[in-house]
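Here is how names work: the chains are called A, B, and so on, in the same order as the sequence lines, proteins then strands, and each is numbered from 1. Quick note: numbers below take in every heavy atom, side chains included, and nothing from hydrogens, waters or symmetry partners.
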2 protein chains.
Amino acid sequence: MLSYTEENYLKAIYHLSSGGEHEVSTNSIAESLQTKAASVSDMLKKLSVKELVEYRRYKGVNISEEGKKEALKIIRKHRLWEVFLVNNLKFNWDEVHEVAEQLEHIKSPLLIKRLDEFLGYPSFDPHGDPIPDEYGVIKDKAKILLKDLEEGNEAIVVAVSDDNPAFLQYCSKLGIKIGTPLKAIDKLEFDNSMQLLLDGDQKINVSKEVSENIWVTD
Amino acid sequence: MLSYTEENYLKAIYHLSSGGEHEVSTNSIAESLQTKAASVSDMLKKLSVKELVEYRRYKGVNISEEGKKEALKIIRKHRLWEVFLVNNLKFNWDEVHEVAEQLEHIKSPLLIKRLDEFLGYPSFDPHGDPIPDEYGVIKDKAKILLKDLEEGNEAIVVAVSDDNPAFLQYCSKLGIKIGTPLKAIDKLEFDNSMQLLLDGDQKINVSKEVSENIWVTD
DNA sequence: ATATTTTTTTAGGTTAATCTAAATTTATAT
DNA sequence: ATATAAATTTAGATTAACCTAAAAAAATAT
C-alpha cells in the first residue's frame with residue numbers, strides 16, 4: 001500500500017517525465033513538490049526499493065512500468081473527481097484542483113468504478129486533460145501549445161493548465177474556455193506575447209505565460 | 001488545522017461521550033481507536049493544549065465546546081458522504097462506512113456545502129443516523145434500542161449500527177432495513193434473544209448482539 | 001485499612017517524512 | 001585540463017504518531 005506522500009512523488013515523477021519518457025532530476029522533483037532535494041533523495045531510494053522507479057545515484061530517476069501504473073491510477077482519480085466537482089457540484093474550473101488533490105488519495109476501487117459510471121465514463125476533465133481508463137490507457141487528442149500556433153492559423157482551445165487558480169480565472173475573464181475557436185493574428189517578438197482573435201470577433205493580447213499554458217488543435 | 005489523527009480522536013471521544021455528556025476514559029478511547037493507552041495519553045495532552053478537550057491526569061477527558069464543534073463537522077461530512085455513496089453511487093449500506101471514514105477528512109467547506117445541496121439537504125444517513133446541520137445542530141428522532149422494546153409492542157426500525165459490514169449484511173438478509181415495521185413477540189431470558197414479527201408476516205429470532213444494534217421508534 | 005488489581009501515565013525508543021549543513025559527484029567554463 | 005559552479009547525496013536533527021515496559025495513581029476486595 002502506497003502512502004499519501006509516495007503517491008504524490010510518483011505523480012510528480014510521472015508528470016515531469018511526460019508519461020515516463022524522460023529521466024527526471026532530483027531538483028525538478030523537489031521544486032515540483034515544494035520540498036528539498038535531500039528529502040527527494042531519501043524518497044527516491046524508498047521508491048526504488050519498491051521498484052516503482054529506477055534510480056542511480058546522481059543520475060536522476062525513471063519511473064518503472066509498475067510506478068507508471070500507480071501514477072495513472074491517481075491521475076485517473078484526480079480527473080474523475082474534477083469532473084464530478086464541476087458537472088455535479090457546480091464548482092468553477094479554478095476551484096477543483098486543490099480538492100481533487102485530496103480526493104485522489106481516497107482508496108476504494110469500487111468508489112472509482114461507480115464514480116466513473118455515475119459520470120458517464122468521461123474522457124476528459126474540465127481542463128481538457130484526458131482521463132486514463134481503468135487499465136491506465138490514455139486516449140488524448142493531438143494538440144500543440146498556443147504559443148506554437150503559427151501566425152494566421154486558426155485553432156480551437158482543447159486544454160489549459162489546471163493547477164493555477166489565478167490563471168484559470170484570468171482565462172475565464174478573457175473568454176477562453178475549452179472549445180473556444182481562435183486565430184493567431186500576430187506574434188510579438190520583443191515580449192513573446194500574441195494577438196488573438198477569439199470566437200471570430202474579439203481581439204485580445206496574451207502574454208507568453210498565458211500562451212504556454214493553453215493547448216489548441218492545430 | 002487538525003490532523004487526520006486528531007480528527008479521529010475527537011470523533012471517538014465525541015461518540016464515546018454520547019455527544020459530550022459523559023467523561024471518557026483513556027482505555028475506552030484506546031479500544032475504540034485500536035491503539036494503546038500510552039498513545040492516547042500523549043494525544044489527550046495535545047488536544048488539551050489546543051483546548052479541544054478538558055483533561056486532568058488519571059481523570060479521563062471531557063470534550064470541549066470547540067472540540068464538539070470539530071467532531072460534529074467530521075460526523076456531518078461522514079454521513080453526507082454515506083448518503084452520496086448509497087443514493088448516487090449505488091453502494092450497499094454495508095459498503096459505505098470504510099470509504100466515508102476516508103472521505104470525512106477531506107478539507108473543503110465549499111465541497112460539503114455543495115454536496116449537501118446536491119443531495120437535497122438530507123437529515124439522516126443510510127443507517128438512520130442524523131446528519132448535523134452546518135451549525136452542528138442535530139435533530140434526531142426519539143428512539144430506543146430494539147432490546148428494550150417490550151413484549152407485545154410494535155415499532156419501526158429507525159437506525160442500525162453502521163460500522164460492522166457483517167452485521168449490516170445480516171440485517172439485509174433478515175429483511176431488516178430502515179422503516180421495517182416489527183413486533184416483539186417474545187424475549188428469551190436464557191440467551192437474551194428476541195422473537196420478532198417482521199413486516200407483520202415473518203417470524204424471526206435475533207440474538208442479543210443484534211437487538212443491541214438496532215434502534216426503533218417506541 | 002491495607003493489599004491487590006486495574007487504569008493511566010511516564011520514560012524511552014521506533015518509523016516516516018521532513019529539514020539544514022556538509023560532503024561528494026557531475027557539469028561547465030576558461 | 002583544471003578550477004569553479006551546480007546538482008545531488010549523506011549525516012545528523014526534528015516532529016508526529018506510534019510502541020513497550022516500568023512507575024504511579026486510583027479502584028477494588030478482603
If you compare every side-chain N and O of [X] against the phosphate oxygens of [N] (OP1, OP2), does one of them come in below 4.0 Å?
| X | N | answer |
| --- | --- | --- |
| A/Thr35 | C/dC19 | yes |
| B/Asn27 | C/dT6 | no |
| B/Ser39 | D/dC18 | no |
| B/Thr26 | C/dT9 | yes |
| A/Lys36 | C/dA21 | no |

Near DNA chain D, which residues from residues 9-24 of chain B have a heavy atom under 4.0 Å away?
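Within residues 9-24 of chain B, the residues near DNA chain D are B/Tyr9.
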Length of the line joining [X]:[atom1] and [N]:[atom2], which is rounded to integer Å:
| X | N | atom1 | atom2 | result |
| --- | --- | --- | --- | --- |
| A/Asn8 | C/dA16 | CG | C1' | 15 Å |
| B/Lys59 | D/dA24 | NZ | C1' | 13 Å |
| A/Tyr4 | C/dT18 | OH | C1' | 16 Å |
| B/Leu44 | D/dA16 | CG | C1' | 15 Å |

Establish, from distance only, whether the side-chain atoms of B/Ser25 and B/Asn27 form a donor-acceptor pair under 3.5 Å.
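Looking only at side-chain atoms, B/Asn27 and B/Ser25 do not form any donor-acceptor pair under 3.5 Å.
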Any side-chain donor paired with an acceptor under 3.5 Å for B/His105 and B/Asn8?
yes
Only counting residues at least two apart or in another chain, list the ones meeting salt bridge (charged side-chain N to carboxylate O under 4.0 Å, His left out) with B/Arg114.
none
Among C/dT7, D/dT9, C/dT9, which nucleotide sits nearest the side chain of A/Tyr55?
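Closest nucleotide to the A/Tyr55 side chain: D/dT9.
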Nearest to the side chain of B/Ala38 - D/dA26, D/dT9, C/dT10?
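Looking only at side-chain atoms, B/Ala38 lies closest to C/dT10.
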Is it the case that the side chain of [X] and the backbone of [Y] share a donor-acceptor pair, with hydrogens and angles ignored and the cut-off at 3.5 Å?
| X | Y | answer |
| --- | --- | --- |
| A/Lys77 | A/Lys107 | no |
| A/Glu212 | A/Lys147 | no |
| A/Arg76 | A/Gly136 | no |
| A/His127 | A/Trp93 | yes |

Measure all distances between protein nitrogen or oxygen atoms and nitrogen or oxygen atoms of nucleotides 22-24 of chain C, and list the pairs falling under 3.5 Å.
from	atom 1	to	atom 2	distance (Å)
C/dT24	O2	A/Tyr58	OH	3.3

For B/Glu23, does the CD atom have more than 12 heavy-atom neighbours from other residues, nucleotides or ligands under 6.0 Å away?
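Yes, because the 6.0 Å sphere around CD of B/Glu23 holds more than 12 heavy atoms from other groups.
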Centroid separation A/Phe84 to B/Phe84 less than 6.0 Å:
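Yes, close enough.
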